Q: 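Sending over a structure as structure tokens; questions will come in a sec.
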Number of protein chains: 2
Amino acid sequence: MADRKEIREQIAGKGLKVTPQRMAILEAVYDLNNHPTADQIKEYIQENHPSIAVGTIYKTLDTLGEKGLIERVKTEKDVMRYDIVTKKHHHLYSNESDRIEDYFDDELNKMLEEYFRKHQIKNFKIDDFKIHLTGKFTDNN
Amino acid sequence: MADRKEIREQIAGKGLKVTPQRMAILEAVYDLNNHPTADQIKEYIQENHPSIAVGTIYKTLDTLGEKGLIERVKTEKDVMRYDIVTKKHHHLYSNESDRIEDYFDDELNKMLEEYFRKHQIKNFKIDDFKIHLTGKFTDNN
DNA sequence: GTACCTGCAAAAGATTTGCATCTTT
DNA sequence: AAAGATGCAAATCTTTTGCAGGTAC
């Protein structure tokens with residue numbers, strides 16, 4: 001899923017130059033599958049790559065976001081977090097632990113698409129929707 | 001809807017001291033009904049109130065948030081925005097204009113409650129949900 | 001009078017920017 | 001070789017904090 005070759009292709013496929021920094025950063029977002037912050041990405045990367053500048057990380061995350069390879073996520077807390085873009089999903093979020101998990105549910109998606117098709121919203125053309133479920137995780141926290 | 005008396009009561013009702021700053025800030029969030037930032041609140045207030053410290057505004061917004069009188073809202077952009085807490089609603093959001101509007105739809109709420117009652121999510125106990133609809137406003141922007 | 005608030009200014013973070021240098025293509 | 005990326009450090013911006021003085025109850 002997150003092998004080098006694929007990552008390289010994803011970057012190149014968007015017309016971006018394939019640099020070691022971009023490889024490392026995109027790979028980190030794949031590996032750290034808990035919606036990491038820029039800082040967590042930085043720490044993760046530094047284990048293998050001597051030093052990638054923080055500024056570069058931000059700039060790269062921005063670039064990857066613009067190209068649609070990753071998604072920016074924000075919670076009530078104050079830092080930006082990143083997520084690989086895969087198929088449509090919603091977010092489960094706990095205020096207590098600040099943990100975020102992806103929630104996939106095609107039946108739900110279909111139901112909502114159907115609903116919004118029937119119920120147009122005045123003055124608004126929907127591109128996409130995402131449900132933000134708040135609550136508690138019952139496994140460990 | 002946003003008269004002084006009611007605002008005073010809301011603050012007092014939560015066991016908070018009624019200070020001119022709190023009055024002004026809560027009133028501002030009522031008046032600026034487009035999910036203002038702390039900064040916009042500050043500017044709005046300064047028209048009538050000589051000077052309320054920025055620190056106080058943040059602290060007050062925080063306090064009002066904890067007491068459930070207002071809600072913190074976050075978008076892909078990077079600043080916190082605030083909203084009066086009324087009835088349950090969802091958010092319409094345009095990436096282009098960074099505009100946010102509330103969207104009320106009881107039928108939708110009922111449908112989703114029903115859905116989640118039938119489809120429990122593994123390891124997660126739902127407290128609440130909110131739909132974030134992205135798209136374009138077709139009135140002016 | 002006391003507990004709670006506010007103002008102020010400094011501090012803390014997170015993110016952005018400018019520019020010279022280096023790498024992809 | 002040209003276009004585009006990176007590193008570094010300084011700058012910016014938002015939000016938080018500490019504390020002395022003030023205000024609501």
Side-chain angles (χ1 to χ4, degrees), chain A residues 4 7-29 35-43 45-46 48-67 69-70 72-82 98, chain B residues 4-5 7-29 35-43 45-46 48-67 69-82 98:
Chain A
R4 292 286 161 74
I7 289 181
R8 173 183 307 281
E9 279 165 8
Q10 283 202 55
I11 296 174
K14 295 293 180 179
L16 295 173
K17 288 185 179 169
V18 178
T19 66
Q21 291 85 343
R22 283 173 178 168
M23 290 285 293
I25 290 166
L26 186 49
E27 190 174 18
V29 182
H35 305 77
T37 62
D39 209 59
Q40 291 173 318
I41 292 170
K42 170 165 170 277
E43 281 182 16
I45 284 177
Q46 289 187 335
N48 308 314
H49 302 260
S51 71
I52 292 186
V54 208
T56 301
I57 295 183
Y58 280 102
K59 216 170 300 176
T60 301
L61 288 170
D62 225 49
T63 309
L64 297 177
E66 275 173 20
K67 296 294 181 180
L69 294 177
I70 62 178
R72 321 182 93 197
V73 181
K74 205 157 251 218
T75 69
E76 278 83 78
K77 305 288 188 303
D78 205 16
V79 289
M80 194 66 78
R81 293 168 64 170
Y82 301 88
D98 200 38
Chain B
R4 292 284 161 75
K5 183 153 162 287
I7 289 181
R8 173 182 308 281
E9 280 165 7
Q10 283 201 53
I11 296 173
K14 296 292 181 180
L16 295 172
K17 287 186 179 169
V18 178
T19 66
Q21 290 85 344
R22 283 174 178 167
M23 289 285 293
I25 291 166
L26 186 48
E27 191 175 15
V29 182
H35 306 76
T37 63
D39 209 59
Q40 292 173 319
I41 292 170
K42 171 166 170 279
E43 282 182 14
I45 284 176
Q46 289 187 335
N48 308 314
H49 303 260
S51 71
I52 293 186
V54 207
T56 301
I57 294 182
Y58 280 101
K59 216 171 299 177
T60 301
L61 288 170
D62 225 49
T63 309
L64 298 177
E66 274 173 20
K67 295 295 181 180
L69 294 178
I70 62 177
E71 177 194 357
R72 320 182 95 197
V73 181
K74 208 155 249 220
T75 69
E76 280 83 78
K77 303 289 188 302
D78 204 18
V79 289
M80 194 66 76
R81 293 168 64 170
Y82 301 87
D98 202 37

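So that the names make sense, note that chain A is the first sequence line, chain B the second, and so on, each numbered from 1. From a predicted model like this one, the values you see are computed outputs, not experimental measurements.
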Q: Hey, could you give me the CD1/CD1 distance between B:I52 and B:I57, rounded to the nearest 0.5 Å?
A: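 Answer for the CD1-CD1 pair, B:I52 versus B:I57, is 6.0 Å.
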
Q: As a test of reading the structure: which of C:dT16, D:dT15, D:dT6 is closest to the side chain of A:R72, going by heavy atoms?
A: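 Comparing C:dT16, D:dT15, D:dT6 against the side chain of A:R72, the answer is C:dT16.
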
Q: Taking A:R22 for the side chain and A:K17 for the main chain, is one N or O donor matched with an acceptor at less than 3.5 Å?
A: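 Yes; at least one donor-acceptor contact below 3.5 Å.
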
Q: For B:K77 and A:M80, which heavy atoms make the closest approach, and how far apart are they?
A: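 What the structure gives for the nearest pair is O-CE, 4.3 Å.
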
Q: Using side chain to side chain contact (heavy atoms under 4.5 Å, CB included) as the criterion, point out the one residue from B:V73, B:I41, B:L26 that pairs with B:Y82.
A: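 Result for side chain to side chain contact (heavy atoms under 4.5 Å, CB included) with B:Y82: B:I41.
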
Q: From C:dG7, D:dT14, D:dG7, pick the nucleotide closest to the side chain of B:V79?
A: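 Looking only at heavy atoms from C-beta outward on B:V79, the closest nucleotide is D:dT14.
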
Q: Quick check: do A:D78 and B:K74 have side-chain heavy atoms less than 4.5 Å from each other?
A: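 They are in contact (side-chain heavy atoms under 4.5 Å apart), so the answer is yes.
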
Q: I need the CE-C1' distance between A:M80 and D:dC13, as an integer number of Å.
A: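 Those two atoms, CE and C1', are 13 Å apart.
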
Q: Rounded to whole angstrom units, what separation is found between the CD1 atom of A:I41 and the P atom of C:dA14?
A: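 Between P of C:dA14 and CD1 of A:I41: 13 Å.
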
Q: Would you mind reading off the distance between A:L64 atom CG and D:dG4 atom P, rounded to a whole angstrom?
A: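 Going from CG in A:L64 over to P in D:dG4 covers 17 Å.
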
Q: Identify, between A:G55 and B:A38, the residue whose nearest nucleotide on DNA chain D lies closer to the 5' end.
A: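 Nearest nucleotide further toward 5': that of A:G55.
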
Q: Please check: side-chain N/O of A:Q40 versus main-chain N/O of A:T37, any donor-acceptor pairing under 3.5 Å?
A: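 Yes.
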
Q: When you check the phosphate oxygens OP1 and OP2 of C:dG7, does a side-chain N or O of B:Q21 lie under 4.0 Å from one of them?
A: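 Yes.
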
Q: Apply the test side-chain contact (heavy atoms from CB on, under 4.5 Å) to residues B:D62 and B:R72: give CA-CA distance (whole Å), side-chain angles for both, the deciding distance (0.1 Å), then the verdict.
A: CA-CA 9 Å; B:D62 225 49; B:R72 320 182 95 197; 3.5 Å; yes

Q: Just compare D:dC8, C:dG7, D:dT16 and give me whichever is closest to any side-chain atom of B:Y58.
A: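 Closest nucleotide to the B:Y58 side chain: D:dT16.
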
Q: If I take atom CD1 in residue A:I11 and atom P in nucleotide C:dT25, what distance separates them, rounded to the nearest angstrom?
A: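 Distance check: A:I11 CD1 to C:dT25 P gives 10 Å.
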
Q: Tell me: NZ of A:K14 to P of C:dT25, nearest whole Å?
A: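 One finds 17 Å between P of C:dT25 and NZ of A:K14, rounded.
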
Q: A:R22 CZ to D:dG7 P: how many Å, rounded?
A: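 So the two atoms are 11 Å apart, to the nearest Å.
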
Q: Between protein and nucleotides 18-25 of chain D, map the contacts as a letter string: B base, S sugar-phosphate only, - none, heavy atoms under 4.0 Å, written 5' to 3'.
A: B-----BS

Q: Toward the 5' end of DNA chain C, which comes first, B:S51 or B:D78, by nearest nucleotide?
A: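 With B:S51 and B:D78 compared, the 5'-side residue is B:S51.
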
Q: From NE2 of B:H49 over to P of C:dG7, roughly how many Å is that when rounded to an integer?
A: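 Nearest whole value for this atom pair: 11 Å.
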
Q: Write down the distance between CD1 (A:I57) and C1' (D:dA5), rounded to a whole number of angstrom.
A: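 Spelled out: CD1 on A:I57 to C1' on D:dA5 is 14 Å.
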
